[in-house]
Number of protein chains: 2
Amino acid sequence: MKKIVIADDHPMIRGALALSLAATTAFGKIEVLETSTLDELFERLTESGGADLVLLDLRMPGVNGFEGLLTLRARFPSTPVVVISALEDPRLVAEALALGAAGFIPKSTPRHEIVRALNLVAAGEIYAPTHLMGLSMPSATDRVDAEFAQRLSSLTPQQRRVLKLLGTGKLNKEIAYELDIAETTVKAHVSSILHKLNVYSRTQAVVRARRLHLSSFADIAEV
Amino acid sequence: MKKIVIADDHPMIRGALALSLAATTAFGKIEVLETSTLDELFERLTESGGADLVLLDLRMPGVNGFEGLLTLRARFPSTPVVVISALEDPRLVAEALALGAAGFIPKSTPRHEIVRALNLVAAGEIYAPTHLMGLSMPSATDRVDAEFAQRLSSLTPQQRRVLKLLGTGKLNKEIAYELDIAETTVKAHVSSILHKLNVYSRTQAVVRARRLHLSSFADIAEV
DNA sequence: GAGCCAATTGTACTTTGGTACGAGACCGGA
DNA sequence: TCCGGTCTCGTACCAAAGTACAATTGGCTC
């Protein structure tokens, strides 16, 4: 009995995906859970210790972009994640796959194609629509971004929080206050972050992280 | 005899604008100069000490985005600038006006409307297409951005170069080497930049500057 | 020439930032 | 139970960042 979680804030999409899952044979018997928020998704996964597959919408209330995928991959590295997206930008596809997604399914995909995609993923393959793959030759910057995304995914949750605050230009002292930890600890985190991201200053870390479409950096809090 | 400069890298656009200018009565007798690069524009303006009007394309070879407008406003504050753009994003309009543009004319504008716009500007009014104004209420962040853009425009050319390098995450030492000046001087510039931008760390300066769509920050140099 | 401003540099200083090493607490898995 | 990883924190140290003050140069304008 495989456990599959659909995480999408739109009930209609969830329903459509559930239908496709029902038509997918490769998983055998399945149990489908639906969540409409990221927090709920993590609750479910934490309770049950992961799942056999997660269908994750890129755009969810609270956290948009790749933040969710990043966190998901960090906390449940062994759980395959298929990204569902309304956008069909080839760069998004490349980025999602670089972050360890097992597939990328645009919402416009016809159902029989979705079923085929899920069967592929069930078999351990990686699915992405061909028309979004060939065109975007992995350029130099894309590869750099992908590598950086990989590094980003190696951050621990707390380190990600620190990086998020770094991204607003805050001082170590301010970060310490906001997270209610000692400044020493913040320094330890920052130091570790810099090593993991392979940069040598907080400013570089922020600049590089901002290049990815992480929601954490899309909406900077007021000063 | 009013001196008007058209700065656009596309000859066809320059021609169309020149025609519209010829049909504009409010300026009286005019002399029209055309330039295809930003550098050439600045040469002309420096020679003649400004102009009575500049029609500036947002996208020019070398420097895209608002960089040119920013520099123009900084070096020739008394010269009115009308922004010409192929893009019609309301946010671009708001930003251009915040930076002191006297008008915003999309390239899709019909000629009679362009003439009307130029007449308005000649009369000291500010022109922007109504369909790009009403929708984007000046939100809180927009106002913050506009204020920050104002501050940005107060930077000197050299300070702008330093900020650009700051935006790539470089150390003072590296910036000094690239600009071939002493690290002390870089520090002096950075310090001045921070004051002018009203922030207290380089990282904040970078984060805030990147929120604007300045080309300097669009294409980060290789590491 | 006087005055203004950008740019440059120096010295000296304080504050942040970042590294290195060690260590205790907690937690989940083997 | 032991092991590994995360989070925590301290001390100590060095490098980078940032400030303050002062001074020189050069170009510009009035």
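Numbers restart at 1 for each chain; the letters A, B, ... are given by sequence-line order, proteins then strands.
By the 4.5 Å heavy-atom criterion applied to side chains, B:Leu21 and B:Ile4 are counted as neighbours. For the pair B:Leu165/B:Arg161, no side-chain contact is recorded, criterion being any heavy-atom separation below 4.5 Å from C-beta on. Here the side chains of A:Thr185 and A:Leu179 are not in contact, with every heavy-atom distance at 4.5 Å or above. A heavy-atom distance below 4.5 Å is not found between the side chains of B:Asp57 and B:Ile13.
In this entry the distance linking CD of A:Gln158 with C1' of D:dT6 reads 9 Å, nearest Å. One interatomic measurement links the two molecules: CD of B:Glu183 to P of D:dT19, which rounds to 14 Å at whole-angstrom precision. Per the geometry, CG belonging to B:Leu194 stands 13 Å off P belonging to C:dT16, to the nearest Å. One atom, CD1 of A:Ile181, and another, P of D:dG10, lie 11 Å apart when rounded to the nearest Å. What separates CD1 of A:Ile175 from P of C:dG17 is a distance of 8 Å, to the nearest Å. The interatomic distance linking A:Lys196 (NZ) with D:dG5 (P) rounds to 11 Å, in whole Å. Regarding A:Leu155, its CG atom lies at a distance of 16 Å from the P atom of D:dG5, rounded to whole Å. For the pair B:Asn172 CG and C:dG17 P, the interatomic distance rounds to 14 Å; values are reported in whole Å.
Toward the 5′ end of DNA chain C lies the nearest nucleotide of B:Asp180, the other residue of the pair A:Lys187 and B:Asp180 mapping further downstream.
Minimum atom distance to the side chain of A:Leu171 is reached by C:dT16, of the listed C:dT19, C:dA7, C:dT16. With C:dA7, C:dT16, C:dG18 as the candidates, the nucleotide lying closest to the side chain of B:Thr156 is C:dA7. Candidate nucleotides D:dC7, D:dC9, D:dG18 were compared by shortest atom distance to the side chain of B:Arg202, and D:dG18 ranks first. When distances are taken from the side chain of A:Ala182 to each of C:dG18, C:dA20, D:dG10, the shortest belongs to D:dG10. Between C:dG18, D:dC9, D:dT8, one nucleotide has an atom nearer to the side chain of A:His189 than all others, and that is D:dT8.
Rounding to the nearest 0.5 angstrom, the gap separating the CG atom in B:Leu33 from the CG atom in B:Leu41 is 10.0 Å.
At D:dC9, one or more side-chain N or O atoms of A:Thr185 fall inside 4.0 Å of OP1 or OP2 (strictly under the cut-off).
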